[in-house]
Amino acid sequence: KNEVEQSPQNLTAQEGEFITINCSYSVGISALHWLQQHPGGGIVSLFMLSSGKKKHGRLIATINIQEKHSSLHITASHPRDSAVYICAVKLTGTASKLTFGTGTRLQVTL
Amino acid sequence: GAVVSQHPSRVICKSGTSVKIECRSLDFQATTMFWYRQFPKKSLMLMATSNEGSKATYEQGVEKDKFLINHASLTLSTLTVTSAHPEDSSFYICSAAPLVGTDTQYFGPGTRLTVL
């Protein structure tokens, strides 16, 4: 079993829909990252969380440390949100090394 | 936000040649840089952790002599794929951590290597 699990693996939504991507982990962490990878390959860091909730534009990320779970929400989704969303955790005691989930491939259609 | 660049963005080379990929932090100093490899439709796989002025730490199964890493300054790390073979074709991504003890990492845009 992977230390970091994401669901769903693939997601198709219509423009305007509210989207939720989930990430569960089984180890102790000091931080969790949400990353976005577009078809060209480049990776953008969306959020880094160690507790609570963060919001940036239409994106919201939450984390529940006790339940070892994080969610990424996209409100009013748009075709330009189509990308792979990756959850990555920094394990407690490791020097910045990240462990990655397998990613969620999101396709937003008109 | 902080910017990390990679050069080249894509490279095609013949089997047996060596290829150097550069990773630069443009507006901050990076004590630690990471090199990842990504196969199609797969997640990132950490290859090695590069610390400025010291030897890189390679992950299990990654050949040190095959993938040479040099972190000569606080803004530049290089990955050299030596004697490249078609199975080395992949997408290589670097990331940089600006300060010791921080959990922040900034990712480069990646380099697509194709070995013929």
Side-chain angles (χ1 to χ4, degrees), chain A residues 2-11 21 23 25 28-51 54 56-57 59 61 63 65 70 83-107, chain B residues 1-11 21 23 25 28 30-52 54 56-60 62 90-114:
Chain A
N2 292 335
E3 292 174 316
V4 182
E5 297 275 358
Q6 284 186 239
S7 64
Q9 289 188 348
N10 295 283
L11 181 57
I21 299 170
C23 175
Y25 51 93
I29 71 168
S30 59
L32 182 144
H33 296 251
W34 280 104
L35 310 171
Q36 180 192 56
Q37 186 173 30
H38 278 284
I43 291 179
V44 174
S45 180
L46 299 175
F47 295 103
M48 185 182 70
L49 296 162
S50 54
S51 65
K54 287 190 177 180
H56 182 71
L59 301 178
I63 188 168
I65 297 294
S70 175
V84 176
Y85 292 84
I86 303 169
C87 170
V89 300
K90 178 178 173 299
L91 305 183
T92 305
T94 60
S96 299
K97 181 176 165 179
L98 295 179
T99 300
F100 294 84
T102 52
T104 295
R105 189 173 298 273
L106 171 65
Q107 181 74 37
Chain B
V3 177
V4 174
S5 71
Q6 278 184 244
H7 178 80
S9 57
R10 57 179 67 233
V11 56
I21 303 169
C23 177
S25 54
F28 64 96
T31 52
T32 305
M33 289 185 172
F34 302 89
W35 286 97
Y36 301 92
R37 183 172 181 177
Q38 186 179 36
F39 291 102
K41 298 194 177 182
K42 299 291 184 184
S43 194
L44 283 74
M45 181 189 77
L46 179 65
M47 298 175 67
T49 301
S50 166
N51 292 296
E52 186 267 337
S54 62
T57 304
Y58 289 81
E59 295 299 299
Q60 193 173 7
V62 178
S90 192
F91 192 60
Y92 294 88
I93 303 172
C94 73
S95 71
L99 293 170
V100 173
T102 183
D103 292 326
T104 302
Q105 283 190 37
Y106 300 99
F107 288 82
T111 297
R112 187 161 303 282
L113 170 64
T114 302

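Here is how names work: the chains are called A, B, and so on, in the same order as the sequence lines, proteins then strands, and each is numbered from 1.
Around NE2 of B:H7, the count of heavy atoms belonging to other residues, nucleotides or ligands within 6.0 Å does not exceed 12.
Taking A:F100 as the reference, B:Y36 meet the ring pair (Phe, Tyr, Trp, His ring centres under 6.0 Å) condition, with sequence neighbours excluded. Checked against ring pair (Phe, Tyr, Trp, His ring centres under 6.0 Å), B:F28 has the following partners two or more places apart in sequence or in another chain: B:Y106.
Of the two parts of A:H33, only the side chain, counted from C-beta on, holds a non-hydrogen atom closer than 4.5 Å to a non-hydrogen atom of chain B. Proximity to chain A is limited to the side chain of B:L46, based on heavy atoms less than 4.5 angstrom apart. When heavy atoms are compared at a cutoff of 4.5 Å, B:Q38 approaches chain A solely by way of its side chain, counted from C-beta outward. In this structure, chain B has heavy atoms under 4.5 Å from both the backbone and the side chain of A:I43.
How far OG of A:S70 is from CD1 of A:I65: 8.5 Å, rounded to the nearest 0.5 Å.
Note: A:G41 leads A:A31, A:S45, A:G41 in heavy-atom pairs under 4.5 Å with chain B. The candidate from A:I86, A:L35, A:V84 with the greatest count of non-hydrogen atom pairs under 4.5 Å with chain B is A:L35.
Using a 4.5 Å heavy-atom threshold, the side chains of A:L32 and A:Y25 count as touching.
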